[in-house]
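In what follows, a single structure is set out as structure tokens and then discussed.
Protein chains get the first letters and strands the later ones, always in sequence-line order, with residue 1 at the start of each.
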Amino acid sequence: MSNKIEITTWNVNSVRKRLNSISIFLKDFIPDILLLQETKVSNELFPYQFFKDFGYHFIHHEGEKTGYNGVAIIAKSELEVIPKIEFINDARHLAVKINNIELHNFYIPAGGDIPDVTMNDKFKDKLNFIDNMTKWFQGKKPNDNIIIAGDFNVAPLENDVWSHKQLLKIISHTPVEVEKLSNLYNSLNFRDSVRKFTDDSEKLYSWWSYRARDWKKSNRGRRLDHIWTTANLYHNVEKANIFKSTRDHEVPSDHVPISITLSLG
DNA sequence: ATGGTGGAGCATCCA
């Protein structure tokens with residue numbers, strides 16, 4: 001067994017619509033563990049064989065009949081499934097153990113359009129979701145080995161969005177969300193493993209809207225997807241990648257995969 | 001200030 005593991009997270013916005021894009025990605029780069037969000041499919045209709053054909057023998061998926069949400073943890077070798085966090089009712093979270101590390105896959109709610117909890121229940125639910133995550137991780141031990149990853153739907157830093165000023169009232173970059181995410185970050189001494197390799201003064205995005213005429217030209221991106229490790233694992237993070245090229249695929253997700261390489265031992 | 005697109009699945013809802 002290799003002493004390094006590659007972990008990739010990708011909001012695919014419908015796994016069935018994205019099979020071609022995922023193929024192109026996996027022919028180039030096969031992570032040990034692939035975390036998906038927004039699979040938008042029931043368990044019965046999940047394309048298990050597609051991933052088995054790429055050598056993934058462990059596929060843990062939780063979908064919804066409605067076609068909303070849906071998360072998966074896909075790995076080359078068998079992993080131990082650990083219980084879901086109790087407060088999460090939608091298919092927005094799964095967790096496994098690998099070696100001595102807890103790995104959590106999250107799809108935090110997007111929160112709707114109006115950044116006011118008195119007018120928008122979806123925004124209230126998003127803030128509550130992050131608060132509940134914070135409480136849950138406060139209950140862990142500071143020296144536990146934990147990685148949390150996924151679509152957090154918050155771009156916390158000024159250079160995680162194309163215009164800090166213009167996005168202050170846009171959900172994903174409002175001060176209240178950034179504060180909530182900061183509380184989560186501090187709940188267990190998390191470290192931002194992707195920012196480790198790019199200074200805060202540089203722009204970094206993982207999502208570009210479908211609504212731009214030319215996403216690359218306008219480049220109005222946001223960094224909504226994250227991989228955080230507890231502080232004791234941070235020095236093991238050797239590399240991080242944002243696979244921007246997938247945004248140019250023929251039928252692309254609006255999110256691109258992000259990845260870290262972790263050395264073990 | 002506004003509207004722009006994409007996915008599930010058939011009327012809207014959600015992102």
### Query
Given atom CZ of A/Arg220 and atom P of B/dG3, what is their separation to the nearest angstrom?
16 Å
### C1' atoms of B/dA15 and B/dG3, separation to the nearest Å
16 Å
### Query
Taking atom C1' in both B/dG7 and B/dA11, what distance in whole Å separates the two?
14 Å
### Task
Apply salt bridge (Lys or Arg N to Asp or Glu O under 4.0 Å) to A/Lys65 and A/Glu44, showing your working.
CA-CA 9 Å; A/Lys65 301 267 185 204; A/Glu44 300 80 65; 2.9 Å; yes
### Message
When the C1' atoms of B/dA1 and B/dT12 are compared, how many Å lie between them, rounded to an integer?
### Response
26 Å
### Query
Are A/Trp228 and A/Ile85 in one and the same hydrophobic cluster, where Ile, Leu, Val, Met, Phe, Trp and Tyr link if side-chain heavy atoms are under 4.5 Å apart?
yes
### Query
Rounded to the nearest Å, what distance is computed from the NE2 atom of residue A/His255 to the C1' atom of nucleotide B/dG7?
12 Å
### Task
Could you tell me the separation between the CD atom of A/Glu64 and the C1' atom of B/dA8, rounded to a whole number of Å?
12 Å
## Note on the structure
Assert: residue with more 5' nearest nucleotide on DNA chain B, out of A/Asn13 and A/Ala110, is A/Asn13
### Query
Between atom CG in A/Asn120 and atom P in B/dC14, what is the gap in whole Å?
10 Å
### Query
What distance, rounded to whole Å, do you find between the two C1' atoms, one in B/dC10 and one in B/dC14?
15 Å
### Task
To the nearest Å, give me how far apart CH2 (A/Trp208) and P (B/dA15) are.
21 Å
### Message
Using 30° and 60° as the class boundaries, would you call the ring planes of A/His60 and A/Phe58 parallel, tilted or perpendicular?
### Response
tilted
### Query
With sugar-phosphate meaning primed atoms plus P, OP1 and OP2, does A/Arg16 contact a base, only sugar-phosphate, or nothing at under 4.0 Å between heavy atoms?
sugar-phosphate
### Query
Nearest nucleotide by nearest heavy atom, which residue falls closer to the 5' end of DNA chain B, A/Asn153 or A/Thr66?
A/Thr66
### Query
Are OP1 or OP2 of B/dG6 and a side-chain N or O of A/Lys17 less than 4.0 angstrom apart?
no
### Query
On a whole-Å scale, what distance lies between the C1' atoms belonging to B/dC13 and B/dG9?
11 Å
### Query
What pair of heavy atoms forms the shortest contact from A/Ala72 to A/His61, and how long is it?
CB-CD2, 3.9 Å
### Task
Please work out if A/Val41 contacts a base, only the sugar-phosphate, or nothing of the nucleic acid, heavy-atom cut-off 4.0 Å.
nothing
### Task
Can you tell me the distance, in whole Å, between the CZ atom of A/Arg18 and the C1' atom of B/dA15?
12 Å
### Query
Any chance the side chains of A/Asn145 and A/Asn232 put a donor and an acceptor closer than 3.5 Å?
yes
#### Entry: Rounded interatomic separation in angstrom, taking CG from A/Asp90 and P from B/dC13
17 Å
### Task
Check the distance between B/dG6's C1' and A/Lys40's NZ and give it to me in whole angstrom.
7 Å
### Task
From the options B/dT5, B/dA15, B/dA8, select the nucleotide whose nearest atom is closest to the side chain of A/Tyr210.
B/dT5
### Message
With a 4.0 Å cutoff (strictly under), does any side-chain N or O of A/Arg92 reach OP1 or OP2 of B/dC14?
### Response
no
### Message
Within the 4.0 Å heavy-atom criterion, would you say A/Arg247 contacts the bases, only the backbone, or no part of the nucleic acid?
### Response
nothing
